[in-house]
Amino acid sequence: MIIEQLLEIVESCFKTGVNEDKWSDRAAGKYSVEVPKREGQGDFSTNMAMVMAGIEKKNPREIASQLVEYLGKDETMIERLEIAGPGFVNIFLKPSVWQKVLHTVAKAGDSYGHSTVGRNEKVLVEFVSANPTGPLSIGHGRQAILGDAIARLLETTGHDVFREYYFNDAGRQMRVLGESTRARYLERQDLPFTFPEDGYQGEYIYDIAQSLIDEQGDALVNSEDVKPFTKKAVDLIFKDISGTLARMDITFDNYYNEHSLYDDGHIDSVVKELREKGLVYEKDDAVWFKTSELGQEQDRVIIKSSGEPTYRLPDIAYHREKFRRNFDWLIDVFGSDHIATVPDVLSGVKALGYDPDKVTVVLHQFVTLTRDGKLVKMSTRKATFVTVDELLDEVGADVVRFYFMMRKADSQLDFDLDLAKKQEKDNPVYYVQYGHARLCSILRRATEMNIEVKDTGEADLSLLVEPEELLKSIASFPAAIESAALDLAPHRMIFFLMELAGELHSYYNKHKVIDQEKIPLDVTRARLCLVAAVRQVFKNGLTILGMSAPESM
RNA sequence: GGUCCUGUAGCUCAGCUGGAUAGAGCGUCUGCCUCCUAAGCAGAAAGUCACUGGUUCGACUCCAGUCAGGAUCACCA
């Protein structure tokens with residue numbers, strides 16, 4: 001990458017200064033080379049002189065002029081230098097350095113931007129993990145897309161990614177689900193029924209009841225056992241959930257059933273191990289975990305006086321199993337309502353001898369929905385929540401993905417349905433996709449006119465006029481992916497693409513590519529190389545985010 | 001009350017490891033289609049980066065405190 005090559009040059013100049021006794025090596029590694037925010041301040045700049053000034057107690061501009069003298073000797077990529085502001089050294093590169101990016105993109109094609117920084121590290125991304133009690137709500141939607149985007153980014157950067165969905169289909173929640181279904185089953189047949197006090201009130205329960213009636217008629221009317229109802233509900237709800245996920249092109253490598261932790265004895269063995277370490281004790285007929293000895297304020301119950309474990313115990317056991325399955329990095333994507341469980345799980349992991357630093361929890365804040373300029377009130381209990389399916393029906397998968405990725409996880413996300421539904425303008429999703437479509441259109445046109453899109457090596461790229469912004473963006477694409485991936489921040493890719501689209505649309509209006517009367521053929525050919533490269537970056541960027549790159553709109 | 005997140009333009013939000021004159025989209029206002037897609041472009045107006053201190057050559061960014069909003073503090077998951 002360009003910045004890395006430049007950094008090498010800067011570092012060797014720094015060393016030259018040390019060797020020639022101009023300054024000491026105490027500033028080594030403390031300075032940086034970065035892209036200035038404003039135009040006219042160079043392609044890159046370094047703060048070395050300012051960093052050194054503090055350490056060496058010298059005038060920063062004096063150091064800067066010495067540095068400029070050293071840097072000026074480079075003929076490979078530096079065109080000119082200037083000292084600015086408090087002591088920045090601004091570095092202007094030769095245009096040919098940027099133009100070469102087009103070769104790189106053309107050569108790499110669909111894999112441009114992919115890297116191997118992940119070194120095949122085994123990463124487990126756990127996300128969604130919604131229990132089968134109803135259709136996915138928009139809160140789950142955010143999590144599904146955030147988790148999937150993180151997984152895709154990590155794959156792109158050379159990680160060995162495994163996607164897992166953790167669920168529980170036993171226990172009180174499921175009993176209530178079964179009882180709710182039974183009540184609807186009886187209601188539909190005009191028989192007396194009692195609906196559970198905290199039952200699931202959603203319409204979908206009627207659908208489940210109806211399918212039981214269709215299949216078995218009134219055979220279950222006198223069933224004492226709630227299991228057939230629960231089972232049917234779980235089956236249909238899971239089918240519904242995976243259907244919703246499939247519509248967004250989200251798949252999992254594994255669905256991990258909490259119950260298997262009991263069957264395989266992992267729950268018992270965790271308690272046993274903690275007990276051996278003296279971290280467990282009995283009080284009030286319950287079993288407590290000494291989390292206070294692990295940095296927390298108070299101890300927590302892991303087995304209730306009824307003999308049933310609390311949710312913490314299987315959570316801890318589950319994470320131990322993740323470690324035992326030899327993953328190097330565990331990523332949990334949760335809603336912010338799970339915040340209280342995080343310290344408990346990490347305490348458990350630590351107590352069992354695993355490194356909690358290998359667990360990264362991505363907590364995302366809540367989602368609100370705005371329709372007709374007003375906040376839509378949602379309640380899970382009353383089943384007045386909006387489902388992901390409904391959103392998909394209204395605006396389609398690309399828009400849903402884009403909007404859910406647009407904000408960093410830490411921010412609350414307001415899904416503006418009015419804006420999302422606008423298909424004609426103002427919608428950032430189309431702004432980006434339109435960029436790709438426009439470029440495709442130009443390439444189609446070139447083919448129609450029998451203009452061959454030459455290999456970048458044959459075209460005279462020095463004929464490109466004002467392509468700097470675009471070339472720099474293209475060149476920074478791999479770094480953008482890397483930072484978004486390693487920081488688990490997909491929203492940065494969205495912003496990257498929006499910026500690229502802005503630059504492209506601006507260029508498009510300023511410079512025509514094909515015009516046989518006004519534009520010389522070799523200029524057209526050079527611009528077609530640029531067009532092809534930008535199109536490739538759009539396509540790769542959209543693909544990495546799980547969105548489509550339409551060739552026409 | 002404790003813990004975590006948030007507070008940046010009228011609205012919704014970026015601002016990555018501190019860097020030069022604070023950024024985008026929407027909204028508002030003014031222009032631009034005999035021309036590769038106007039789902040676009042060019043320009044204008046719009047800010048006490050919640051507040052107060054501190055750290056330093058330099059703070060939206062780091063630290064402490066205050067205020068406001070959200071999440072969470074079970075032998076529910």
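Just so we're on the same page: letters track the sequence lines, and every chain starts at 1. Side-chain atoms are counted along with the backbone in the values below, which use heavy atoms only and exclude waters and symmetry mates.
Closest contact between the side chain of A:W288 and the listed nucleotides B:A20, B:C75, B:G19 involves B:C75. With B:G19, B:A77, B:C13 as the choices, the nucleotide that has an atom nearest any side-chain atom of A:D414 turns out to be B:C13. Closest to the side chain of A:E297, from the set B:A39, B:G69, B:G2, is B:G2. Picking from B:U72, B:G40, B:A20 the nucleotide with the shortest atom distance to the side chain of A:Q41 gives B:A20. Ranking B:C75, B:A14, B:C36 by closeness to the A:R407 side chain, first place goes to B:A14. The side chain of A:H505 has B:G40 as its nearest neighbour among B:C5, B:G40, B:C36. With B:C5, B:G19, B:A77 as the candidates, the nucleotide lying closest to the side chain of A:V51 is B:G19. For A:K512, the side-chain atoms get nearest to B:C35 when compared with the rest of B:A20, B:A74, B:C35. Side-chain proximity of A:Y508 to the nucleotides B:G19, B:C36, B:G40 is greatest for B:C36.
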| query | side-chain contact (heavy atoms from CB on, under 4.5 Å) between A:Q365 and A:L413: does it pass, once the steps are laid out? | reply | CA-CA 7 Å; A:Q365 298 294 314; A:L413 188 153; over 6 Å; no
| query | For A:I138 and A:F415, what are the C-alpha separation, side-chain angles and deciding distance, and is it a side-chain contact (heavy atoms from CB on, under 4.5 Å)? | reply | CA-CA 9 Å; A:I138 58 172; A:F415 199 112; 5.6 Å; no
| task | I would like to know whether A:Y166 and A:L261 meet side-chain contact (heavy atoms from CB on, under 4.5 Å); could you show each step before the answer? | result | CA-CA 11 Å; A:Y166 176 72; A:L261 292 165; 3.8 Å; yes
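The nearest whole Å value for the distance from the CG atom in A:L439 to the C1' atom in B:C36 is 10 Å. Across the protein-nucleic acid pair, A:L313 atom CG and B:A77 atom C1' stand 14 Å apart, rounded to whole Å. Atom CG of A:D416 and atom C1' of B:U12 are 8 Å apart (whole Å). Computed from coordinates, the A:M50 CE to B:A59 C1' distance equals 13 Å when rounded to whole Å. Atom CG of A:L504 is separated from atom C1' of B:C36 by 12 Å (rounded to the nearest Å). Rounded to an integer number of Å, the gap from A:N509 CG to B:A38 P is 7 Å.
Nucleotides B:G23 and B:G70 have their C1' atoms positioned 26 Å apart, rounded to a whole Å. Separating the C1' atom of B:G27 from that of B:C11 is a span of 7 Å, rounded to the nearest Å. Distance check on atom C1': B:G69 versus B:C76 gives 27 Å, rounded to whole Å. For the P atoms, the distance linking B:U56 with B:U66 amounts to 24 Å, nearest Å. Nucleotides B:A64 and B:A22, compared at atom P, are 27 Å apart to the nearest Å. Using C1' as the reference atom, B:G47 and B:C13 are 15 Å apart when rounded to the nearest Å. Using atom P as the reference point in both B:A20 and B:A59, the two lie 11 Å apart (nearest Å). Separating the C1' atom of B:G15 from that of B:U3 is a span of 27 Å, rounded to the nearest Å.
Across all strands shown, A:V361 has no heavy atoms under 4.0 Å from either base or sugar-phosphate atoms. Backbone-only engagement by A:A340 is indicated by non-hydrogen atom pairs under 4.0 Å involving sugar-phosphate atoms exclusively. Note on A:N168: only backbone sugar-phosphate atoms sit closer than 4.0 angstrom, heavy atoms only; bases stay farther off. Using a 4.0 Å heavy-atom criterion, one finds that A:K408 contacts the sugar-phosphate atoms exclusively. Contact annotation for A:N90: base contact, defined as any heavy-atom pair under 4.0 Å involving a base atom. Within the nucleic acid shown, A:T370 has no heavy atom closer than 4.0 Å to any nucleic acid atom. Using a 4.0 Å heavy-atom distance criterion, A:S506 is classed as a sugar-phosphate-only contact. A:H511 comes within 4.0 angstrom of a base, heavy atoms only. In this structure, A:S306 reaches neither bases nor backbone, as no heavy-atom distance under 4.0 Å exists between it and the strands shown.
Side-chain nitrogen and oxygen atoms of A:K304 include at least one within less than 4.0 Å of the OP1 or OP2 phosphate oxygen of B:C76. Contact check, A:R438 against B:A38: a side-chain N or O comes under 4.0 Å of OP1 or OP2. For A:Y431, a side-chain nitrogen or oxygen approaches OP1 or OP2 of B:C41 to under 4.0 Å. One finds a side-chain N or O of A:S411 lying less than 4.0 angstrom from the OP1 or OP2 phosphate oxygen of B:A14. A:T310 has no side-chain polar atom (N or O) that falls below the 4.0 Å cut-off from OP1 or OP2 of B:C76.
Cation-pi geometry between A:R80 and A:F92 is met: under 6.0 angstrom from the ring centre, within 45 degrees of the axis. Taking the centre and axis of the six-membered ring of A:Y508, the NZ or CZ atom of A:R438 falls inside the cone set by 45° and 6.0 Å.
Stacking between A:F88 and B:A20 is present: the aromatic ring centre lies within less than 5.5 angstrom of the base six-membered ring centre, and the two planes differ by under 30 degrees.
Pair check for B:C4 finds B:G70; Watson-Crick or G-U wobble, both atom distances under 3.5 Å. Under the Watson-Crick or G-U wobble criterion, with both distances below 3.5 Å, B:C32 is paired with B:G40. Nucleotide B:C16 is matched to nothing when pairs are restricted to Watson-Crick or G-U wobble geometry with both distances under 3.5 angstrom.
One finds no salt bridge joining A:R172 and A:E308 here, because no Lys/Arg side-chain nitrogen approaches an Asp/Glu carboxylate oxygen to under 4.0 Å. Salt bridge A:R275/A:E282: present, at least one basic N to carboxylate O contact under 4.0 Å. A salt bridge does not link A:K283 to A:D299: none of the charged nitrogens lies less than 4.0 Å from a carboxylate oxygen.
Across residues 488-502 of chain A, A:H491, A:R492, A:F495 each have a non-hydrogen atom less than 4.0 Å from an atom of RNA chain B (numbered order).
Partners of A:Q41 under the side-chain contact (heavy atoms from CB on, under 4.5 Å) rule, at least two apart in sequence or in another chain, are A:P36, A:R38, A:N90.
Put simply, the side chain of A:L528 reaches to within 4.5 Å of the side chain of A:L443, judged on heavy atoms. Using a 4.5 Å heavy-atom threshold, the side chains of A:D284 and A:S305 count as separate.
Side-chain to base pairing of A:Y430 with B:A39: no donor and acceptor N or O lie closer than 3.5 Å to each other.
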